[in-house]
Protein chains: 2
Amino acid sequence: MATSKSSVDCLHCPLRRKKAFRELNDGELQFVSKFKIGELDVDAQSSVLMEKQATPNVYTVLEGVLYRHRTLQDGSRQILNFSMPGDIVGLQLAMMGEIHHSVTALTPAKLCVFERNKFYSLFSGHPELAHSVTWIAATQETLLDNTIVSLGQRNAYQRIAHFFAQVYSRAESTGVASDGLLNIPIRNHHISEALGITPVHVSRTLNKLKRESVVERSNGYFSFPDLEKLAEVAAFDDHMPPTRPLL
Amino acid sequence: MATSKSSVDCLHCPLRRKKAFRELNDGELQFVSKFKIGELDVDAQSSVLMEKQATPNVYTVLEGVLYRHRTLQDGSRQILNFSMPGDIVGLQLAMMGEIHHSVTALTPAKLCVFERNKFYSLFSGHPELAHSVTWIAATQETLLDNTIVSLGQRNAYQRIAHFFAQVYSRAESTGVASDGLLNIPIRNHHISEALGITPVHVSRTLNKLKRESVVERSNGYFSFPDLEKLAEVAAFDDHMPPTRPLL
DNA sequence: CGCCAAGTTGAACGTGCTCAAGGGCTGTGG
DNA sequence: CCACAGCCCTTGAGCACGTTCAACTTGGCG
């Protein structure tokens with residue numbers, strides 16, 4: 001894990017070239033360039049934010065995948081969602097100065113670092129960017145809504161299928177998946193902790209999905225030979241807009 | 001249901017007098033006054049927003065309680081959360097122009113009406129207010145996080161207890177509850193749809209909570225004779241900041 | 001080779017679901 | 001004033017999805 005001064009310049013941010021992201025104008029770009037105070041590289045498994053610990057920084061994901069999670073008194077853990085390129089990490093920290101979840105890297109990841117104290121200057125100086133922040137927050141809300149619907153109404157089989165459909169869709173649009181291959185090292189216990197299903201039952205249910213050729217796994221990576229079939233058994237219809245703003 | 005021109009003036013908004021809400025300065029107040037284009041009064045049970053129907057308006061709750069919900073293909077329904085005074089109704093509509101849930105009044109309610117097309121002017125003209133919007137969105141996220149944790153990790157008993165603790169806490173701080181009495185006509189099927197538990201099992205579990213004197217019900221209204229006991233069996237620790245911004 | 005983490009599989013159990021019947025309350029109409 | 005409908009809640013009994021406990025397999029890595 002290391003922090004370095006902007007090795008990736010915002011002016012040439014590789015994310016902007018991806019189809020999913022909207023362009024910024026020159027003024028915005030220059031502001032973001034100055035707003036970004038550095039970069040954080042983390043290894044897989046390392047924590048970026050910890051529950052109840054207020055850090056001075058807020059991040060956006062430049063590369064890699066992380067997950068937000070919370071641990072209860074009894075030690076059980078709930079994964080809230082996955083953070084992919086373009087996502088904001090620690091928005092609650094920036095807004096309320098408190099955070100009630102941890103954020104851990106699932107893959108090696110690269111994050112852009114911002115000072116949360118200066119976050120307000122983004123609102124006062126660049127309404128377009130402030131609007132983007134809120135856009136991203138509202139989009140997150142939609143994702144959390146989806147998760148609540150899954151946990152509340154679907155059984156293990158549908159839940160896992162829907163989980164994959166959702167994750168794949170987001171991963172594909174942020175360059176972390178393509179051609180049916182999900183380039184994220186998801187283990188059964190992640191699915192277990194994300195969906196509130198025991199690892200044992202995750203295993204059984206996954207095997208059923210494998211037998212039905214909805215899901216495949218090799219070297220620890222999942223793939224989906226027939227994405228339409230996946231969407232169908234998952235009853236998944238994608239709610240996400242095709243393009244999105246970026247800080 | 002009727003729309004009338006601002007019978008409640010923002011300058012004398014009754015919500016601001018409540019302890020939970022922050023003050024606005026004169027410039028902000030004047031802007032909000034102009035930004036608000038009217039008021040919407042709805043009866044209990046009537047819908048304010050419908051899934052997939054883009055309306056031109058966005059709202060804030062002035063009085064009463066509503067709930068956001070989504071209906072699946074098979075007809076099952078999930079309540080996502082409850083909207084109480086000060087909450088924004090239809091933020092996703094304002095940001096993305098799409099909405100994937102319905103909003104229905106639980107009690108008779110009064111809403112402030114805003115044009116979603118003009119929402120951007122709030123960002124460009126009043127960064128402090130824009131910041132408030134994002135603050136509210138981030139707070140919502142925390143609430144949804146809590147719900148996900150409940151649905152994923154807790155059994156029916158803990159879920160219901162936590163649900164009440166959470167709802168009461170929010171209701172209390174927005175003036176919809178006091179002295180242990182929750183002034184919202186919640187039926188068993190609401191709990192069922194919010195927590196993914198069948199009405200039958202909700203009934204059984206509620207009776208257990210009643211027997212233990214954690215919960216009481218009279219005339220269809222819940223009350224909690226011992227809020228500390230409730231928080232304890234719910235393993236609830238309140239994540240909400242004591243004061244909050246308001247549009 | 002041996003270790004450890006992750007996944008698999010079996011068997012028994014339990015929380016919560018389903019189906020079904022009955023009771024209480026409220027509003028409406030005879 | 002009673003009859004009846006409709007909604008909500010309650011209670012019982014059987015069932016099933018998912019859990020728990022435990023043993024075994026597999027694969028990566030020292």
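This is a predicted model, so every value here is computed, not measured. Only heavy atoms go into these numbers, but all of them, side chains included; no hydrogens, no water, no symmetry mates. Reminder, nothing fancy here: chain letters follow the sequence lines and each chain counts from 1.
If you check every strand for non-hydrogen atoms under 4.0 Å, Ile197(B) touches sugar and phosphate atoms only. Arg187(B) comes within 4.0 angstrom of sugar-phosphate atoms only, judged by non-hydrogen atoms across all strands, and of no base. Among the heavy atoms of the strands, none lies under 4.0 Å from Val202(A).
Side-chain proximity of Ser203(A) to the nucleotides dT9(C), dG16(C), dT18(C) is greatest for dT9(C). Checked against dT19(D), dT11(D), dC9(D), the side chain of Asn188(B) finds its nearest nucleotide in dC9(D). The side chain of His189(B) has dC8(D) as its nearest neighbour among dT11(D), dC8(D), dG18(D). Here the side chain of Val200(A) is nearest to one of dG7(C), dC17(D), dC21(D), namely dC21(D).
For a distance-only test at 3.5 Å, the side chain of Arg204(A) qualifies as a donor-acceptor partner of the base of dT20(D). For a distance-only test at 3.5 Å, the side chain of Arg159(B) fails to qualify as a donor-acceptor partner of the base of dG16(C).
Residue Lys210(A) places at least one side-chain N or O closer than 4.0 Å to OP1 or OP2 of dT8(C). Regarding contacts with the backbone of dT11(D), a side-chain N or O of Asn207(B) is found under 4.0 angstrom from either OP1 or OP2.
Between the CZ atom of Arg211(B) and the P atom of dT10(D) there is a distance of 11 Å, given to the nearest Å. Rounding to whole angstrom units, CG of residue Leu209(A) and P of dG7(C) are separated by 15 Å. Here dT9(C) presents its C1' atom at 14 Å from NE2 of His201(A), a figure rounded to the nearest Å. Rounded to whole Å, the distance from CD1 on Ile160(A) to P on dG7(C) is 12 Å. Between His190(B) atom NE2 and dC9(D) atom P there is a gap of 9 Å when expressed in whole angstrom units. Rounded to a whole Å, the CD atom of Gln153(B) is 10 Å from the P atom of dT19(D). Rounded to whole Å, the distance from OH on Tyr221(A) to P on dG7(C) is 13 Å. Taking atom CD of residue Gln45(B) and atom P of nucleotide dC7(D), one finds them 12 Å apart after rounding to whole Å.
Taking the centre of each ring, Phe164(A) and Phe222(A) come in below the 6.0 Å mark.
Comparing Thr198(A) and Asn219(A) by the nucleotide of DNA chain D whose heavy atom lies nearest to each, the residue mapping closer to the 5' end is Thr198(A).
Within a 6.0 Å radius of CG in Asp179(A), other residues, nucleotides and ligands contribute 12 heavy atoms or fewer.
The residues Glu172(A) and Lys19(A) are annotated as salt-bridged, a charged nitrogen and a carboxylate oxygen being separated by less than 4.0 angstrom. The residues Asp74(B) and Arg154(A) are annotated as not salt-bridged, no charged nitrogen and carboxylate oxygen being separated by less than 4.0 angstrom. Salt bridge present: Asp87(A) and Arg170(A) bring a charged side-chain N and a carboxylate O closer than 4.0 Å.
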